[in-house]
There are 2 protein chains.
Amino acid sequence: MPSSREKLNYTPSIRRMPSYLTIIRAFQRTGEPYISGTYIANELNLEPIQVRKDLSITGIIGKPKKGYPVEPLIQAIEHYLGWDVEKAATVIGAGNLGSALTGYQEFRNHGMKIVAVFDTDPLKIGTTVHGVPVYSMDSLPSVARELGIAIAILTVPSPFAQSSCDAVVAAGIKSIWNFTTVKLKVPDDVVVQREDLSSGYALLSVMMRTRLNRQLSEQ
Amino acid sequence: MPSSREKLNYTPSIRRMPSYLTIIRAFQRTGEPYISGTYIANELNLEPIQVRKDLSITGIIGKPKKGYPVEPLIQAIEHYLGWDVEKAATVIGAGNLGSALTGYQEFRNHGMKIVAVFDTDPLKIGTTVHGVPVYSMDSLPSVARELGIAIAILTVPSPFAQSSCDAVVAAGIKSIWNFTTVKLKVPDDVVVQREDLSSGYALLSVMMRTRLNRQLSEQ
DNA sequence: TAGATTGTTAATCGATTAACAATC
DNA sequence: TAGATTGTTAATCGATTAACAATC
């Protein structure tokens, strides 16, 4: 029996899908029925062959000379990502980042609806964040069941990451979007995507240093 | 003359560096003078060989049987990332995400100090966000010069992304951390790192769908 | 000393890119 | 029709992993 730990294939391609969607959706407003891979590639500074390879993963078939049919292409990408099925989500930790993510409207376009926020601060419990009610962590199991929550977005301070994660798992939630710096330990049937702001900042930092070095050496 | 568009090497390794730092810093509190690659690998669910390969990029030399000297290792990573040099940064757009990032203390440990926020909303200008003053976009050039701002963190709504980016570039800021969904057009000497929350969510979504399919097929 | 761990060289793996026939 | 664009097969490239000698 394969475990949930097996590696996901096409990871880089999957990461590019949302930006394809953005471009194609914007193009859709022109009313043109077909969009070419070349056009998408130009918009995103990618190679056309890469766009075609990526799109082929979704099973969409293009027409030579014309391109891909816009409406079916959007549906193919959304279906591939599972964004055509609405999922209830919760934010664990009503801090800065948690509040920002709760108010991030774009997720609605991706089939994710944040229906609850959980926190331990008595001053926050009973209030709302961007219209979403804040509950006590104690009520996580019952609220998760009632609202059919499928995804937990973890934005608690790092020292509480693993214990919050354990509570999420105990409440039967099997998908965790982890914004803490902690590598979470979870059962085999729980999937975790870690979002690490520092890793992107590390790339920017090295680009800055590299550019600096080059400028110095070119003088 | 090579352009700033050339591709960065070791991208995956660079992305892992911050998580190494987190583990090593936590280990440092034990007082042990050496940390092994095997230990780091265990903490992060990675292969030891990958940790060793990554660390070798920083130029650090380990001791067989003992491991890497903790203090020099931290310094080697920070120096490689350029995190040993303090840089002034600004957040463009005092919305949800901009405020959250302004209040994110971890950046201070990475040599980045957010010294100004810019917005176009008259109600926000003149106030502070997490203690950082909010300025009018008009004053960007002068404030950027006075405070020596090196990095702009772009968190404006997508329709304003390119124009805000142009203003940043005109103000002489040459490093942009882009949190919008827009692919920015910038001069050759400006580096951009795009942070796309949707791409991580796309991975989580496909993992969820894949797990679901497997569970169905195993029944 | 023995064995854990490093660093290097080679092999494997997966992603990107190139080449090109098919075709609307 | 001619040429732009697709989809497939092969080549290249870069990252990961394996093997193993060196060594504290």
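Order of the sequence lines fixes the chain letters, A, B, ..., with proteins taken first and strands second; residue numbering starts at 1 for each chain. Here the structure is a predicted model, which is why all the values come from computation and not from measurement.
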> In terms of side-chain heavy atoms of A:Tyr68, which of D:dC24, C:dT8, D:dT6 is nearest?
Replying inline: D:dT6
> In terms of side-chain heavy atoms of A:Glu47, which of C:dA15, C:dT17, D:dC24 is nearest?
Replying inline: C:dT17
> Under 4.0 Å between a Lys/Arg side-chain N and an Asp/Glu carboxylate O for B:Lys174 and B:Asp189?
Replying inline: yes
> Does A:Lys66 or A:Tyr10 map to a spot on DNA chain C nearer the 5' end, using the closest nucleotide for each?
Replying inline: A:Tyr10
> Should the pair A:Arg15 and A:Tyr10 be classed as cation-pi, given the thresholds of under 6.0 Å to the six-membered ring centre and 45° from the axis?
Replying inline: no
> Closest to the B:Lys53 side chain: C:dC24, C:dA10, C:dT6?
Replying inline: C:dA10
> Pick the nucleotide of DNA chain C nearest each of B:Pro64 and A:Thr11; which residue has the one closer to the 5' end?
Replying inline: B:Pro64
> Expressed in angstrom and rounded to an integer, what is the separation of B:Gln50 atom CD from C:dC13 atom P?
Replying inline: 16 Å
> Is the B:His110 ring parallel, tilted or perpendicular to the B:Trp83 ring (thresholds 30°, 60°)?
Replying inline: parallel
> Which part of the nucleic acid does B:Ser36 contact within heavy-atom distance under 4.0 Å: base, sugar-phosphate only, or nothing?
Replying inline: sugar-phosphate
> Are B:His79 and B:Thr58 close enough that a side-chain donor and a side-chain acceptor fall under 3.5 Å?
Replying inline: no
>> Within the structure provided, determine whether A:Met208 and B:Val191 are in side-chain contact (heavy-atom separation under 4.5 Å).
In response: yes
> Where does DNA chain D pair, written as one dot-bracket string 5' to 3', with Watson-Crick or G-U pairs under 3.5 Å, ( ) inside the strand, [ ] for crossing pairs and | for another strand?
Replying inline: ..||||||||||||||||||||||
> Can you tell me how far P of C:dC20 sits from CZ of A:Arg52, to the nearest Å?
Replying inline: 14 Å
>> Any side-chain N or O of B:Arg16 below 4.0 angstrom from OP1/OP2 of D:dA15?
In response: no
> So, is B:Lys7 near the phosphate of C:dT17, with a side-chain N or O under 4.0 Å from OP1 or OP2?
Replying inline: yes
